[in-house]
Every structure is written in C-alpha cells, then in structure tokens.
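To keep things clear, I will list the structure first and then write my remarks on it.
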Protein chains: 2
Amino acid sequence: MNSFTEENYLKAIYKLVQLSGLAVSTNAIAEKVNTSAASVTDMLKKLSDKKLIHYKKYQGVTLSSKGEKAALKIIRKHRLWEMFLVDILDFKWDEVHDIAEQLEHVNSDKLIEKIDKFLNHPIVDPHGDPIPDANGKLNNPKSHLLSFFNKNDVCIITGVVDHSTSFLQYLDKSGIALGHEIKIKDIIKFDRSLKITINKGNNVFISNDVAKNILAINK
Amino acid sequence: MNSFTEENYLKAIYKLVQLSGLAVSTNAIAEKVNTSAASVTDMLKKLSDKKLIHYKKYQGVTLSSKGEKAALKIIRKHRLWEMFLVDILDFKWDEVHDIAEQLEHVNSDKLIEKIDKFLNHPIVDPHGDPIPDANGKLNNPKSHLLSFFNKNDVCIITGVVDHSTSFLQYLDKSGIALGHEIKIKDIIKFDRSLKITINKGNNVFISNDVAKNILAINK
DNA sequence: ATATTATTTTAGACAAGTCTAAAATTTATT
DNA sequence: AATAAATTTTAGACTTGTCTAAAATAATAT
C-alpha cells in the first residue's frame, strides 16, 4: 500500500501530465502539493524505487503504468465521493473538494464499489470530470460546452463552468440538473440562444451565455 | 487539531476507562493500540502536554474534559459511519469496523452532521452502542440483555454481545435484526428459552444462551 | 561561447511516531 | 521487610516526510 502522501504525489503527477502531455517538473509538483522542490526530489526517489514513476535526474517525471493505475484509483474514489456528497448529502458543488480530498484515501475496495453502485454507476462527477471505472480505465467521455452542440443532438448534463449560487439557482428553477438528458431542438441564429427539451419533457429556452456555462457529453 | 494517531490513543483511553472505571495502565493502552509500552509512554507525555489527559508517571491515565470531548467526537463519527455502512450500503455488522476506523478520522463537522441527519439521528449504532450527540453528550439509553425482560414486554433490538460471524448469521436467518420490535410472548421456565414475536409478525423460539447475547431497550 | 539566471539535487537537520535494551519504579512473594 | 517479578520509563536509534542552505545542472541572454 502507498501512503497518504505518496497517493497525493501520484495524483498530482497524473494531473500535471494530463494537462501538459509532457514529463512534469519538480517545481510544478512542488507547487501542486504545496511543498519545497527539495522534498519533491526526495519523494521522487522513493516513488521511483517503488516503480511508480519514470524518473531521470533533472529530466522530469511521468507515471509508470503501475503509478497511473494507482493514480486513477485515487481519482475514481475522489470523484465518486464528490458525487455522493452532492447527490446524496446535498452539499453544494463547491463545498465538496476538501472533504473528498480526505475520503479518497480511505482504503476499502468493497466500500468504493458499494458507493459506486449506490450512485448508480455515474460516469462523470459534479464538476463534469469523468470517473475512472473499477479497473482504472478512463473512458474519456469529454464534456463540451452546451453551446458547441448542434441541432437535434442529444446529450447529458455533466457539469457547469460558473459555480455561483445565482447561476445554480437559475438552473434549478429551469429544471436543468446534473445527469438530465437534453435535446437541442433549435438554435436561434440571431443570438445563438437554444430551445432545448429536458428529459423528453419540458421545452425551455436558454441564452448563449447560459449555454456557455453548462457542460455536457454526447449521448 | 489532533493527529490520526493521537485520536486513536484518546479513543483507546476512553474505552478502557469506561470499562474499568479506573485510571488505565500503559500496558493496557499498548495492547489496545497495538504498540509497545515505550511508545505509549512517549505519546502520554505528548497528550499530557496538550492537556488532553491526566497523567502522573507510573500512576496511570484518565482523560481530561478536553480529552473526553475529543474522544466522544471520534466515537460519534465512528458509530454514525458504522450505521451508514450497515443501513445505507448494506454491509454486514461484522464488516464495518475496519472501514469506520478509517472514516472516523475524516475531519468535517458539516459532513458528520449531514450523515447524522441522513440517518435520521440514530441513537445507537449497529452494535447497540449509544451514539454521542453533536455536543459530545452521551444520552445513555440503557440497553439490557434480552434475557432480562419479562413476559409481554415489548422492546427494540439495539445490539449484540457476541459479535462472531456465526452468531450474526444465526440472527439474520432467524429474522432478528437491529431496530426490530420484539414482544416476549412466553418464557419457558425449564430452560429459560423465549418465545418471541418479531415486528408483530413471526413467532420464533430462542434459547437463553441466545437471549443473553442480544441487547434491547424497552419500548 | 560565456556569463547569468533558474531549476534541481544533495547535505544535513528536524518532528512525529515507532522500536529495543537498559534503568527505575511499583507490586507481589516469601 | 527483603527479594523477586512485573510494569513503566528512559536512552538512543530508526523511518517518513519535511525543511533550509549550498552545490550541481540546465536554460537563457548577451
């Protein structure tokens, strides 16, 4: 088993590699895990000894397949817990990160699979990020802004860009919520506003400004 | 904030004091937290410096009010999580301890109050142990052995004494579970075995040996 | 191509929690 | 009450993860 701290380094490295596509620097990791470059170097040696990363002095780091698997497992747990906190316990989207940061280190495969089942196997978390499956596979269903979809497209709401209370309340009132199915009925050329159908039921109009703050994936 | 390790020591001391009513020995703590007596002494100094315990060399330990409050908070979290695991995620009574042992250290007052609310403010956990309230008060609704009730008494199952898998499986099979209402229909003089009605439904016979391992509170 | 600057690594130290072995203290035995 | 046995504490060391300051390496600028 990897320690709490090791897990945080692996997660940080995974995210930085994802972002840049390149080997990541000691400094970048130091900033991400909020520590000194010297401490990072120490830890990199340790992770390298454990074959969790590919590391050559001064040359940056990438994850080994073993390391990536470990990172994806933590990310899976993080995102499922976030989902649980928002969907089941009614936390706001912006309150859950720090708590999930702790819960992600709880070690029980059975627990996380039960949470997954309880949540009905969600594929994206409340921020629209995809949830790796139990085998650590990321079936990257990339979220797009709702404004990028075309007429007659059907998609699932996966998240928002603007997390402000006023925006979330507006969405609530309009019946737009995470996991709902949206069909683009029409796109008004004049102002790029949308006529959409929610869950095969109500038709609603939303402005382009709103559409640019909603994330969704193709169904 | 107290560390993970400090929390475990406080919890151990609390339980040992509860059990004996006396100051607890270094050795007893060492056994409980599975470490050496020397390590315990080191930690006792630290907890004493933090005013969490009353400690005189060679004289044993009790919790200060500050320490007791901290211990009760951890115990509250532990028992609520156990309740959650059993009631919501369908874990068996005997599977939840190790997981709750980890979850109890997650630090978020808001989280634990939401779990409490979600569970509808339970007063006993799946093992029949009382759950301290949000202020760390233990409103001890005293449980009694089922063998102590009288004919025609009605009570609610709150826990078990024997936590073995075989016993819990026997209870499952007999339809006896936490929170169920039991009416004592008859007490057989010869062997003190009981005829009981479960949830106003099935009648079941249980031996005195079984009744002595079930806890319940008067309804 | 060399000097300057920025980044990364090493060296040595510290805090938390642990250990074993030895010393101090308490408890039990005769 | 003196000795033996058990318990507890101290001393010194180890591990993990951290730090600062200095040295090594790489990147940038002239």
Side-chain angles (χ1 to χ4, degrees), chain A residues 1-14 16-17 19-20 22-63 67 70-71 74 101-102 104-107, chain B residues 1-14 16-17 19-63 67 70-71 74 101-102 104-105 107:
Chain A
M1 249 306 98
N2 306 312
S3 74
F4 193 102
T5 312
E6 287 166 343
E7 290 189 351
N8 281 334
Y9 273 90
L10 291 174
K11 197 177 53 159
I13 295 166
Y14 178 88
L16 290 167
V17 171
L19 219 66
S20 67
L22 305 168
V24 299
S25 71
T26 302
N27 259 357
I29 299 169
E31 191 173 340
K32 194 93 175 176
V33 305
N34 200 32
T35 186
S36 70
S39 303
V40 172
T41 300
D42 289 344
M43 179 57 86
L44 293 183
K45 276 183 207 153
K46 202 177 144 194
L47 295 176
S48 188
D49 289 347
K50 292 179 84 171
K51 310 268 182 221
L52 290 162
I53 59 174
H54 300 300
Y55 172 54
K56 283 260 168 66
K57 272 190 202 175
Y58 296 102
Q59 302 311 138
V61 196
T62 55
L63 291 177
I74 303 155
E101 205 76 2
Q102 298 181 63
E104 73 190 6
H105 300 291
V106 171
N107 177 29
Chain B
M1 248 308 99
N2 306 312
S3 74
F4 193 104
T5 312
E6 288 167 340
E7 290 188 350
N8 282 334
Y9 273 90
L10 291 174
K11 196 178 54 161
I13 295 166
Y14 178 87
L16 291 166
V17 171
L19 221 67
S20 67
L22 303 168
V24 299
S25 71
T26 302
N27 259 357
I29 298 169
E31 190 173 341
K32 194 94 175 174
V33 304
N34 200 32
T35 186
S36 70
S39 303
V40 172
T41 301
D42 290 342
M43 179 58 85
L44 293 183
K45 277 183 206 153
K46 202 178 144 194
L47 295 176
S48 188
D49 288 347
K50 293 179 83 171
K51 311 269 182 219
L52 290 161
I53 59 175
H54 300 301
Y55 172 55
K56 283 260 169 65
K57 272 189 201 176
Y58 295 101
Q59 303 311 139
V61 196
T62 55
L63 291 177
I74 303 156
E101 205 76 4
Q102 299 181 63
E104 73 189 6
H105 301 291
N107 177 31

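Only heavy atoms go into these numbers, but all of them, side chains included; no hydrogens, no water, no symmetry mates. Numbers restart at 1 for each chain; the letters A, B, ... are given by sequence-line order, proteins then strands.
Regarding B:L44, its CG atom lies at a distance of 10 Å from the P atom of D:dT8, rounded to whole Å. Across the protein-nucleic acid pair, B:E6 atom CD and C:dA15 atom C1' stand 12 Å apart, rounded to whole Å. Per the geometry, NZ belonging to B:K50 stands 11 Å off C1' belonging to C:dA16, to the nearest Å. The distance from atom CG of B:N2 to atom P of C:dA16 is 13 Å, rounded to the nearest whole Å. For the pair B:L47 CG and C:dA16 P, the computed distance is 12 Å after rounding to whole Å.
Residues meeting the ring pair (Phe, Tyr, Trp, His ring centres under 6.0 Å) test with A:F4, sequence neighbours left out: A:H105. For B:T35, the side-chain contact (heavy atoms from CB on, under 4.5 Å) test picks out B:Y9, B:V33, B:S39, B:V40, with sequence neighbours left out. Qualifying salt bridge (charged side-chain N to carboxylate O under 4.0 Å, His left out) partners for A:K45, counting only residues two or more places apart in sequence or in other chains: none.
Residues A:G60 and A:A23 share a closest heavy-atom pair of C-CB, 4.1 Å. Nearest heavy atoms, A:N107 versus B:Q102: N-OE1, 2.7 Å.
Contacts of B:Y9 with the nucleic acid, taken as non-hydrogen atoms under 4.0 Å apart, involve only primed sugar atoms and P, OP1 or OP2. Among the protein residues, B:S36 comes within range of the nucleic acid bases, having at least one heavy atom under 4.0 Å from a base atom.
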Output a table of nitrogen or oxygen pairs between the protein and nucleotides 10-16 of chain D separated by less than 3.5 Å.
from	atom 1	to	atom 2	distance (Å)
D:dT10	OP1	B:K57	NZ	2.5
D:dT10	OP2	B:K45	NZ	2.9

Taking only nitrogen or oxygen atoms into account, show me every contact under 3.5 Å that the protein makes with nucleotides 23-25 of chain C, one pair per line with its distance.
from	atom 1	to	atom 2	distance (Å)
C:dT25	O4'	B:Y58	OH	3.4

Hey, what are the protein-to-nucleotides 2-6 of chain D N/O distances that come in under 3.5 Å?
none

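With contacts defined as side-chain heavy-atom distances shorter than 4.5 Å, the pair A:K11/A:E104 qualifies. Between A:M43 and A:T26 the shortest side-chain heavy-atom distance does not fall below 4.5 Å. Between B:Y55 and B:D49, every side-chain heavy-atom pair lies at or beyond the 4.5 Å cut-off. Counting heavy atoms from C-beta outward, B:V24 and B:I53 have side chains that stay 4.5 Å or more apart.
Other residues, nucleotides and ligands contribute only 12 or fewer heavy atoms inside 6.0 Å of the NZ atom of B:K57.
Just one residue in the list A:N2, A:V61, A:L63, A:L52 forms a side chain to side chain contact (heavy atoms under 4.5 Å, CB included) with A:L47, and that residue is A:L52.
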